[in-house]
Amino acid sequence: MVYHSSFVDEEGITKACGCPLLPLKSHIKGPAPVSDQDRTDIVDEAITFFRANVFFRNFDVKSSADKLLIYLTFYINVALKRLEGCRTLAEGTKAIINLGLEKVPVPGEPSFPFPGLFPLPQSPQEAELLRNYLKQIREEASGRLLSVAYRPNGTPNKWWLAFAKRKFMNIILQS
């Protein structure tokens, strides 16, 4: 059974292209509202549920937050593929920074991995808001992923990096 997000259409949450701009426990500048440090946010959920959800080929979307969970699960999978050959935390950090520098596609662009998951942006401002939110959430997920993919001594955690070989929802990333 797929793990779904606990953020089920919360009141007062702004949306861009049908994607909720959920609060993040983040110090990274961006459009996401700031969450309390002691609360679980969508990035925590994505990392916690990743190793179970990555095995599923189908994902029944029950809320708009599930769409964001799907996107984050895919991003974590891509990030783990980048970390696969990195033998130290320093190498992994460099690989993740390079991943963060790539352009973030939004719905309607050819490189967006899930056409049809999110509605197309109604305006360039909405597209830019979603792009900035996805960039912020990817940076936050990357930082937290490094803390689980590598042990405190800087060596890779094989129990996490083994999941780099998995394809999420049978999607193959074109390099």
Side-chain angles (χ1 to χ4, degrees), residues 2-7 19-57 59 65-106 109 111-114 117 130-175:
V2 175
Y3 288 94
H4 294 278
S5 177
S6 63
F7 297 95
C19 175
L21 306 184
L22 296 172
L24 298 176
K25 297 185 297 190
S26 178
H27 60 279
I28 297 168
K29 188 177 176 187
V34 179
S35 174
D36 296 332
Q37 293 297 319
D38 57 336
R39 290 192 64 205
T40 300
D41 67 4
I42 190 71
V43 175
D44 291 333
E45 279 189 349
I47 290 173
T48 301
F49 298 153
F50 173 78
R51 293 189 286 181
N53 283 349
V54 77
F55 286 105
F56 293 96
R57 292 181 181 199
F59 198 109
D66 280 347
K67 295 177 182 182
L68 190 54
L69 189 63
I70 290 169
Y71 181 85
L72 278 171
T73 302
F74 177 75
Y75 176 74
I76 291 168
N77 190 250
V78 169
L80 286 174
K81 285 184 188 324
R82 296 284 176 96
L83 294 175
E84 196 172 20
C86 302
R87 293 286 147 229
T88 65
L89 178 59
E91 288 177 25
T93 303
K94 184 177 178 184
I96 286 293
I97 288 172
N98 287 337
L99 179 61
L101 294 175
E102 293 177 6
K103 185 176 185 266
V104 178
V106 293
E109 295 179 357
S111 56
F112 190 72
F114 298 104
L117 183 64
L130 182 62
R131 185 183 320 279
N132 290 337
Y133 180 73
L134 293 178
K135 183 170 179 53
Q136 180 184 9
I137 206 165
R138 286 167 61 141
E139 287 177 24
E140 188 61 36
S142 296
R144 295 189 207 172
L145 183 62
L146 284 172
S147 66
V148 294
Y150 289 90
R151 294 186 181 91
N153 67 1
T155 59
N157 182 342
K158 69 179 183 180
W159 304 113
W160 265 93
L161 293 179
F163 285 88
K165 293 172 179 37
R166 300 290 316 173
K167 288 186 296 187
F168 178 58
M169 294 177 64
N170 260 354
I171 296 176
I172 300 171
L173 182 67
Q174 302 298 323
S175 298

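Numbers here simply count residues along the sequence, with the first being 1.
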Exercise. With sequence neighbours left out, what residues match Glu45 under salt bridge (Lys or Arg N to Asp or Glu O under 4.0 Å)?
Worked result: none

Exercise. With side chains defined as the heavy atoms from C-beta onward, is the minimum distance between Phe7 and Leu69 less than 4.5 Å?
Worked result: no

Exercise. Backbone N or O of Ala90 within a donor-acceptor pair of the Tyr150 side chain at under 3.5 Å?
Worked result: no

Exercise. Would Leu101 and Asn98 satisfy side chain to side chain contact (heavy atoms under 4.5 Å, CB included), going step by step from the backbone distance to the final call?
Worked result: CA-CA 5 Å; Leu101 294 175; Asn98 287 337; 4.2 Å; yes

Problem set entry | side-chain contact (heavy atoms from CB on, under 4.5 Å) involving Thr155 - partner list, sequence neighbours excluded | Arg151, Asn153

Exercise. Between Lys67 and Phe114, is a side chain to side chain contact (heavy atoms under 4.5 Å, CB included) present by the stated rule, with each step listed?
Worked result: CA-CA 10 Å; Lys67 295 177 182 182; Phe114 298 104; over 6 Å; no

Problem set entry | Whether Phe50 and Phe163 hold their rings parallel, tilted or perpendicular, with breakpoints at 30° and 60° | perpendicular

Exercise. Are there more than 12 heavy atoms of other residues, nucleotides or ligands under 6.0 Å from atom NZ of Lys158?
Worked result: no

Problem set entry | Shortest non-hydrogen contact from Val43 toward Ala141 | CG1-CA, 3.7 Å

For this session: For a side-chain contact (heavy atoms from CB on, under 4.5 Å) with Tyr133, tell me which candidate from Val104, Val106, Leu21 qualifies.
Result: Leu21

Problem set entry | N/O donor-acceptor pair under 3.5 Å between Lys135 side chain and Gly100 backbone | yes

Seminar exercise, completed: Closest non-hydrogen contact found for Ala95 with Cys86 is CB-SG, 3.8 Å

Problem set entry | Contacts of type ring pair (Phe, Tyr, Trp, His ring centres under 6.0 Å), residue Tyr75, not counting sequence neighbours | none

Exercise. If you round to the nearest 0.5 Å, how far is OG of Ser147 from CZ of Arg144?
Worked result: 8.5 Å

Exercise. Quick one: CD1 on Ile137 to CG on Asn132, what's the gap to the nearest 0.5 Å?
Worked result: 13.0 Å

Seminar exercise, completed: dist Asn157:CG -> Leu89:CG (nearest 0.5 Å) comes out at 12.0 Å

Exercise. Taking all atoms of both residues into account, what is the closest heavy-atom pair of Ala149 and Leu80, and its distance?
Worked result: CB-CD2, 4.4 Å

Problem set entry | Nearest-0.5 Å distance, CZ of residue Arg138 to CG of residue Leu99 | 5.5 Å

Seminar exercise, completed: Here the pair of heavy atoms bringing Pro105 nearest to Phe112 is O-CD1, 3.4 Å

Problem set entry | Interatomic spacing from CZ in Arg82 to CD in Glu102 - rounded to 0.5 Å | 4.0 Å

Exercise. So, for Leu68 and Pro20, which heavy atoms are closest and what is the spacing to 0.1 Å?
Worked result: CD2-O, 3.7 Å

Problem set entry | Asp44/Arg39 ion pair, N-O < 4.0 Å | no

Exercise. What pair of heavy atoms forms the shortest contact from Pro33 to Leu22, and how long is it?
Worked result: CD-O, 3.9 Å

For this session: Check the pair Leu134 / Leu72 against side chain to side chain contact (heavy atoms under 4.5 Å, CB included), numbers first and verdict last.
Result: CA-CA 9 Å; Leu134 293 178; Leu72 278 171; over 6 Å; no

Exercise. Distance from Thr40 atom OG1 to Lys25 atom NZ, nearest 0.5 Å?
Worked result: 6.0 Å

